[in-house]
Number of protein chains: 4
Amino acid sequence: MKIGFIGLGIMGSRMAANLQKHGHSLVVFNRSREKANPLLAQGAKWADSPAALAEQVDVIFTMLAHPDAVEEAATGKEGFLSHLSPGRMWVDCSTVNPSFSKKMADVARSRDLRFLGAPVTGSKGPAAEGKLIFWVGGAASDLEACRPLLECMGSRIVHCGGPGTGTALKMVMNQLLGTFLAAFSEGLILGESLGISREVLLEALFNGPAAAPFVAVKRQRIETANYAQADFALRWLQKDLHLAAVSAYETGVAMPLTNAAKELFRLAIRDGHGDEDISAIYGYLARNRDAQSTSGSVAQ
Amino acid sequence: MKIGFIGLGIMGSRMAANLQKHGHSLVVFNRSREKANPLLAQGAKWADSPAALAEQVDVIFTMLAHPDAVEEAATGKEGFLSHLSPGRMWVDCSTVNPSFSKKMADVARSRDLRFLGAPVTGSKGPAAEGKLIFWVGGAASDLEACRPLLECMGSRIVHCGGPGTGTALKMVMNQLLGTFLAAFSEGLILGESLGISREVLLEALFNGPAAAPFVAVKRQRIETANYAQADFALRWLQKDLHLAAVSAYETGVAMPLTNAAKELFRLAIRDGHGDEDISAIYGYLARNRDAQSTSGSVAQ
Amino acid sequence: MKIGFIGLGIMGSRMAANLQKHGHSLVVFNRSREKANPLLAQGAKWADSPAALAEQVDVIFTMLAHPDAVEEAATGKEGFLSHLSPGRMWVDCSTVNPSFSKKMADVARSRDLRFLGAPVTGSKGPAAEGKLIFWVGGAASDLEACRPLLECMGSRIVHCGGPGTGTALKMVMNQLLGTFLAAFSEGLILGESLGISREVLLEALFNGPAAAPFVAVKRQRIETANYAQADFALRWLQKDLHLAAVSAYETGVAMPLTNAAKELFRLAIRDGHGDEDISAIYGYLARNRDAQSTSGSVAQ
Amino acid sequence: MKIGFIGLGIMGSRMAANLQKHGHSLVVFNRSREKANPLLAQGAKWADSPAALAEQVDVIFTMLAHPDAVEEAATGKEGFLSHLSPGRMWVDCSTVNPSFSKKMADVARSRDLRFLGAPVTGSKGPAAEGKLIFWVGGAASDLEACRPLLECMGSRIVHCGGPGTGTALKMVMNQLLGTFLAAFSEGLILGESLGISREVLLEALFNGPAAAPFVAVKRQRIETANYAQADFALRWLQKDLHLAAVSAYETGVAMPLTNAAKELFRLAIRDGHGDEDISAIYGYLARNRDAQSTSGSVAQ
């Protein structure tokens, strides 16, 4: 089985490398060719366009930054969709919005192609180690056909339901991450401002009943104000909050906290924190605070 | 050592009973006398007013519903403060705002009394079993003098810093509880509306990286839409969000998510959910949803 | 000059009738044919599809409910765009988002067609009387060519700039309407709850420094709690708030109040107010209020 | 009739001067004595404390920055209340919260004193010219007795109802001012970001249906980015939003937009805009915007 891989960024390059390590032949495409070099050195073949890639493969993986990039690669002037033979499969691992994923599923079906939306949880460490989690939306039979490939890249594969549900679950996870992290930062800063012993406060919050696993993992960054070299860049989390808000509009769900978080992260991006780690939302909220209190700490 | 106990509601009555079980003599006062009957039956003495109570005891515990009730009991017309001899101790276990607790500490100090603000974590179960957590603000030496009494009622006693810091930490914990629970409900409902398999969704959210312990404990209530017989009534959580917002104003901290949560819980109270369990915020957000979607579930 | 008109709802039917009254020949299309009957009775010609319509006209007006409907009419299976000869003009009067309008402009330009985005201000009264305001984005020369037609339907034609700017201005006007109306309702209800004389309060608010013209016009509806027979249905205003939020995301603007308003209107739709007049946001916020106050009016 | 005046800041000094110009004898007190010098030079008498002042006058005006300052002056160690003879009147012109004003009314009544809460609208210009608006809560007969004095300082005196209602109405006006100004700024910035001609945009917004009088008056400051020498300092408007939020909690009213505005103004204070004019909220929201857009203006 010949595999095409489009999108060789931080995540995609590591995922493709794991397919290669398991003995699969790859044809690859990326906007800038140099990122493909390590894969090419290990035997992958370069394609000059998504269309050219499609002529040579049985299954295509895409791992791109946003819906527009996916649409361009699939249905743009040199898009791959019209070059795939009926029955071939496309697995989109990009984090997109559910209605977009469902639209891609419809487009694929209209061409007798099989489609899985399969976004991942996990940053570059798990990507390199083949320990991602895949959240898969699509037909169960298509997932089974594709499972051996996904298992090269991930340690857990979860079937979430029909088209769009994998990306829906991924999006909800990130919506929770963004709102929890912002709300947690608000509480931590309030506690510090009220004069609670820092040691007691950090212990109570990071090990107590509020310690959601994905918040607790940010303890060291927050304690040391180290937001550089992002595990997950703040601007992409804000994008996910936006996608959640759009999906909520489409399905008629009210999300006042999610929208408040979306705007708070926007202000943080506006003031220069977009490329920092998501934990920088704490740093953004905490800045300048000493100068501006109305009446001072209760502990003086 | 003779102990006075003022405020015999769901929590106070169980706390006082534990002091009694450990052999301490109690003098008690409550707005409605009948709630004191079980304690009186076990040998406690009734006082007709906080002032009358103060004449007979070495230490006073208060466990009341809000700051105004505490102020009335302490400094009102028949308040206890002016009837306590110098050197006596007052331990306020009510959930109040930090600046109020600090003000009470100041009033007590001006009369040469000792003061601890010591709100608790834990609902009626832990209160009955003597397994509360006490978050204590005040002088370390006063806490040591009082520790044997607190250990009759709680399994963990945490010294948080100076006056007001115990109540500050308790308030921050509840601020996190309120914001997390609301944000979690938003995500859960969005996921359901997008057609994710309910089993997969609940598993991913309640056991995944977002599963803060105090959210996970609400799983059964949410799955079964059972909000009656509150462990923690929604209206009191909204009060804590309000107190956090007021403290944030006083110390100059921005809390956009906390305020958004405060208003969402207010709407839920307005529509009749105030006496339900806090998990009813899920039910409030989820109601009527099927009728109103703009474009339907991605899974159709 | 032969004119095509697509979309004969409350607004479109009245606009088309005004073109007809000024002597213009119409070809019309609507999803349900019956709405075209009054126009057909006056001599308009029916087309079985947007494509069929395009073959017969020099200029096409579209007045549809949302971007998807516009896209379907323009570029769908029986869309009109590929059936218009080069140099012909398309004027989209629908309220859409600016990036969508710009995308339509691009599609039109790629086919050598001329495009104006020209959404309107004014509800069915002004539509019937030919007193709409047109907010036009596109080339000045195209606007001049089209001006005589717009003047059949509107009393004011404002050139806002390039493609997308007309719809941008319309959207901003509605974003202001939604946020002002919600904030005004909050203040009015707070004032009532605090016991201010209703006469003094209404006078101070509806005639005072906060009396934005488009709020003041809602006084009678609010005073009499009459939200039926909407001048502007609440659900469409919520749509505009959503479009503003999406545009803000695309251009990097923070809009915390606009998003808070969007969610509040969403809750009102969820609870059954979507088809009522936008002033129903006051009724939604005011309901049940007497039962739930924490401490009562200052005036008792 | 001898008049006492406590609080000689920007507003109070001008109000007291107008009483003096109309021939009234003043006794004055202020935290820092130097601010009293112009009044003393015109014949006013200095008192060393609020208590000392109370011994010499028939009516006391207070014009102080916040509730704590009022409480200190009235009931603190050297407070005036216990030094006023029965039947004397106290007029509090400070902008406080309604429940506080009502509490002061209760304290005064318990000492057989008469009380009016009478906050003002208007900044230093109208204060100097005697053209303030007074929003009066209290007994109509007390207002009539006091009216000649108020008319020395104001051009309009509005009786709003019982104790606390004057301050309630003032607070609601400022809540509207804060929310409208923030929402207006959001819309203006969105419009600019979308490439609308600036001239068209400013005209449409500042002269159109959204042009609430108190927003329109800020046009020049916003057009020229001139926020120095505040007519109304941003931090005091944020205080009023906070007081509105607290009153809303007390009366059970939901105010999601008002709370969102409160937090936005808090962030602006945090970043150094507290002493600027309230119109600086536009400047705060607009800063850095060019660097951060996601996809650029529709007009490119």
Side-chain angles (χ1 to χ4, degrees), chain B residues 65-69 71-72 97 182-183 185-187 189-190 192-193 233-243 245-246 254-276 280-296, chain C residues 65-69 71-72 97 182-183 185-187 189-190 192-193 233-243 245-246 254-276 280-296:
Chain B
H66 47 74
D68 286 355
E71 193 157 26
E72 175 70 21
N97 46 328
S185 297
E186 290 182 7
I189 293 165
L190 179 60
E192 292 169 344
S193 298
L234 196 148
R235 76 169 69 253
W236 302 126
L237 183 56
Q238 205 258 347
K239 183 194 75 165
D240 290 339
L241 291 169
H242 166 70
L243 295 179
V246 170
M255 302 187 91
L257 274 77
T258 301
N259 279 275
K262 169 167 74 81
E263 297 307 295
L264 179 64
F265 279 95
R266 163 53 56 199
L267 287 167
I269 294 171
R270 189 271 305 259
D271 284 348
H273 301 275
D275 296 324
E276 293 180 357
I281 198 67
Y282 167 81
Y284 171 69
L285 274 170
R287 77 177 185 195
N288 298 337
R289 94 189 107 152
D290 297 330
Q292 300 294 337
S293 76
T294 303
S295 70
Chain C
H66 46 75
D68 286 354
E71 194 158 24
E72 175 69 20
N97 45 328
S185 297
E186 289 182 9
I189 294 165
L190 179 61
E192 293 169 343
S193 297
L234 197 148
R235 75 171 69 254
W236 302 127
L237 184 56
Q238 205 259 344
K239 182 194 75 165
D240 291 339
L241 292 169
H242 166 70
L243 295 180
V246 169
M255 301 188 91
L257 274 78
T258 301
N259 279 276
K262 170 168 72 81
E263 297 307 295
L264 180 64
F265 279 95
R266 162 54 55 198
L267 286 168
I269 293 170
R270 192 268 308 256
D271 284 348
H273 301 275
D275 296 324
E276 293 181 356
I281 199 65
Y282 168 82
Y284 171 69
L285 275 170
R287 77 176 184 195
N288 298 337
R289 93 189 108 152
D290 297 330
Q292 301 293 339
S293 76
T294 304
S295 70

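Residue numbering restarts at 1 for every chain, and letters A, B, ... go by the order of the sequence lines.
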Pairwise distance CD(B:E263) to CD(C:E263) - rounded to 0.5 angstrom:
14.0 Å
Is there a donor-acceptor contact under 3.5 Å from the side chain of B:R270 to the main chain of C:L285?
yes
Rounding to 0.5 Å, atoms CG (C:L267) and CG (B:N288) come to a distance of 10.5 Å
